[in-house]
K.L.:
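Sharing a structure, written as structure tokens. Questions coming.
Computed from a prediction, not measured in an experiment: that's the story for all the values here.
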Amino acid sequence: MLKVNGIYKKYGNNEVVSDLSFEIGEGEIFALLGDNGAGKSTTLKMIAGIIKPDKGTIMLDLIDSVRDNKKYLKNIGYAPQDIALYGNLTGYDNLTYFASLAGVPKNDLKKRMEEAIDAVSLDEKILAKRVKDCSGGMQRKINLAVAIINKPRLLVMDESFVGMDEGTREKLISSLKKYSGEGMSVLYVGHYLEEAGLFCERALVIKAGKETMSGNIKELLDKVSGGKNGQAGKGI
């Protein structure tokens, strides 16, 4: 489904990502983990088709992220760590606008919107507000709903659980598992193996842009059992 082969990214003299390779299967929920500054967000931006790797290739269902960028992007849903919404528009307006950009058919829009809103436990009163008048947590929910609304082949989530209450997190995890069962793949980025283990089976842990370990999360947790609370970057 997704094949990342030897990607490399450098800014000036700073080697941010170095020779990363991994695959995500259809319907798989996969975790990319590491401490701050490990290169996770840069890796996600390359996979989301926002920036190009200096070396290596990223293929989604045999679609090249660089050569066929427009076609590639139509199959990606990206929820960045920073809020990527129009503050002066309501939540509804943002969902409608980004759904149109993603090519969601008008006759399918209502259903898709209802599903996305339900997936992240959004309230209609919140969606009627301008985004800039919503709390940070509500903005993050809308941000994620925008990424889900076109039912992408691959959903890319950059620390999307930050600021979410336990009930909302549990609802989102349930929704992700549902989407997974329908064939959507998910790439989740975070810090903790234990948290990722709640809904992911496999993980790749990176440090300074390089792989430190990868595989089944339960097995990785055993390897870092001396770490603090299962944090990916500790004890490695």
Side-chain angles (χ1 to χ4, degrees), residues 2 24 27-33 40-41 43-45 47-50 60 73-87 89-104 108-192 195-196 198-200:
L2 180 76
I24 301 176
E28 182 177 11
I29 306 177
F30 185 91
L32 175 67
L33 306 173
K40 303 186 305 296
S41 291
T43 300
L44 285 197
K45 287 178 181 178
I47 292 171
I50 296 171
L60 179 63
L73 290 176
K74 287 183 178 180
N75 292 281
I76 298 287
Y78 177 44
Q81 186 175 4
D82 297 325
I83 303 301
L85 302 168
Y86 290 99
L89 297 181
T90 67
Y92 277 121
D93 289 339
N94 271 278
L95 282 168
T96 301
Y97 174 70
F98 285 107
S100 67
L101 286 185
V104 175
D108 211 16
L109 177 60
K110 183 179 179 181
K111 181 181 178 182
R112 295 282 186 91
M113 190 175 290
E114 288 174 349
E115 290 178 348
I117 290 169
D118 180 65
V120 298
S121 303
L122 270 168
D123 187 282
E124 290 188 4
K125 291 181 180 179
I126 295 296
L127 287 168
K129 292 183 178 181
R130 291 184 302 178
V131 166
K132 69 179 182 180
D133 296 328
C134 297
S135 68
M138 292 302 106
Q139 289 181 18
R140 189 168 293 278
K141 287 185 180 184
I142 299 169
N143 208 44
L144 187 53
V146 163
I148 293 172
I149 198 166
N150 67 322
K151 283 194 174 179
R153 290 285 289 139
L154 176 67
L155 174 63
V156 180
M157 303 169 57
D158 194 352
E159 300 190 35
S160 296
F161 288 127
V162 174
M164 283 191 179
D165 59 79
E166 185 175 349
T168 300
R169 185 176 65 177
E170 289 178 355
K171 172 61 178 176
L172 177 55
I173 289 173
S174 176
S175 297
L176 291 176
K177 290 179 178 179
K178 174 180 175 292
Y179 287 133
S180 170
E182 296 171 353
M184 181 191 294
S185 300
V186 179
L187 175 58
Y188 165 76
V189 69
H191 296 281
Y192 298 96
E195 180 179 69
L198 296 174
F199 58 101
C200 304

K.L.:
Is there a side-chain contact between Phe161 and Thr168 in this structure, where contact means two heavy atoms from C-beta onward sitting under 4.5 Å apart?
P.N.:
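A side-chain contact is absent here, since even the closest heavy-atom pair is not under 4.5 Å.
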
K.L.:
Can you see which heavy atom on Asn150 is nearest to which on Lys74, and at what distance?
P.N.:
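Looking at all heavy atoms of both residues, the shortest contact is ND2-O, 3.7 Å.
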
K.L.:
Can you find a pair of side-chain heavy atoms, one from His191 and one from Glu159, that are under 4.5 Å apart?
P.N.:
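Yes, their side chains come closer than 4.5 Å.
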
K.L.:
Locate the shortest heavy-atom distance separating Phe199 from Ile173; write the atom from each residue and the value.
P.N.:
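Nearest heavy atoms, Phe199 then Ile173: CB-CG2, 3.6 Å.
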
K.L.:
Which heavy atom of Asn94 sits nearest a heavy atom of Tyr86, and at what distance?
P.N.:
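So the two residues come closest at OD1-N, 2.9 Å.
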
K.L.:
Are the side chains of Tyr92 and Ile117 in contact, using a 4.5 Å heavy-atom criterion?
P.N.:
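The answer is yes; the side chains approach within 4.5 Å.
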
K.L.:
Do Thr90 and Asp93 pair up side chain to side chain, a donor and an acceptor below 3.5 Å, judged on atom types alone?
P.N.:
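Judged by distance alone, the side chains do pair up.
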
K.L.:
Side chains of Pro152 and Met184: does their closest heavy-atom pair fall under 4.5 Å?
P.N.:
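Yes, at least one pair of side-chain atoms sits under 4.5 Å.
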
K.L.:
Do Leu155 and Leu187 make a side-chain contact, defined as non-hydrogen atoms from C-beta onward lying under 4.5 Å apart?
P.N.:
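A side-chain contact under 4.5 Å is absent here.
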
K.L.:
Starting from the C-alpha separation in whole Å, work towards a yes-or-no answer on side chain to side chain contact (heavy atoms under 4.5 Å, CB included) for Arg153 and Ser185.
P.N.:
CA-CA 6 Å; Arg153 290 285 289 139; Ser185 300; 5.8 Å; no

K.L.:
I want to check something: taking the side chain as every heavy atom from C-beta on, are Asn143 and Pro80 in contact at a cut-off of under 4.5 Å?
P.N.:
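In contact.
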
K.L.:
Give a yes-or-no answer on whether the side chains of Glu195 and Tyr188 include a donor-acceptor pair shorter than 3.5 Å.
P.N.:
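Yes, side-chain donor-acceptor contact under 3.5 Å.
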
K.L.:
Could you grab the distance from atom CD of Glu114 to atom CG of Leu109, nearest 0.5 Å is fine?
P.N.:
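Going from the CD atom of Glu114 to the CG atom of Leu109 covers 9.5 Å.
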
K.L.:
Just checking Lys151: does its NZ atom have more than 12 heavy atoms from other residues, nucleotides or ligands closer to it than 6.0 angstrom?
P.N.:
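Enclosed.
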
K.L.:
For Glu170, give me all partners under side-chain contact (heavy atoms from CB on, under 4.5 Å), at least two apart in sequence or on another chain.
P.N.:
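Glu170: side-chain contact (heavy atoms from CB on, under 4.5 Å) contacts with Glu166.
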
K.L.:
Side chains of Leu73 and Asn75: closer than 4.5 Å at any heavy-atom pair?
P.N.:
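With C-beta onward as the side chain, the pair stays apart.
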
K.L.:
Show the nearest heavy-atom pair for residues Ala119 and Lys171, with the distance to one decimal.
P.N.:
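That would be O-CG, 3.8 Å.
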
K.L.:
With respect to Met113, which candidate in Asp118, Asp108, Val104, Leu95 satisfies the side-chain contact (heavy atoms from CB on, under 4.5 Å) definition?
P.N.:
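Output: one option passes, namely Leu95.
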
K.L.:
Do any side-chain atoms of residues 122-134 form donor-acceptor pairs under 3.5 angstrom with protein atoms, and if so which ones, sequence neighbours left out?
P.N.:
residue : atom : partner : partner atom : Å
Asp123  : OD1  : Lys125  : N            : 2.7
Arg130  : NE   : Asp133  : OD2          : 3.2
Arg130  : NH2  : Asp133  : OD2          : 3.4
Lys132  : NZ   : Asn88   : OD1          : 2.8

K.L.:
Nearest 0.5 angstrom please: Leu176 CG to Arg169 CZ, how far?
P.N.:
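CZ of Arg169 is found 12.5 Å from CG of Leu176.
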
K.L.:
Using side-chain heavy atoms (C-beta onward) and a distance below 4.5 Å, is Met157 in contact with Val186?
P.N.:
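Yes, side chains in contact.
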
K.L.:
Do NZ/NE/NH1/NH2 and the carboxylate oxygens of Lys40 and Asp158 come within less than 4.0 Å?
P.N.:
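No.
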
K.L.:
Looking at Ala99 and Ile149, what are the two nearest heavy atoms and their distance?
P.N.:
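Where Ala99 meets Ile149 most closely, the heavy atoms are CB-CD1, 3.9 Å.
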
K.L.:
Mind listing the closest non-hydrogen atom pair of Ala116 and Ala145 along with its distance?
P.N.:
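Heavy-atom minimum between the residues: CB-O, 3.7 Å.
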
K.L.:
Suppose we screen for side-chain contact (heavy atoms from CB on, under 4.5 Å). Which residues come up paired with Ser180, at least two apart in sequence or across chains?
P.N.:
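Listed in chain order: Ile29.
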
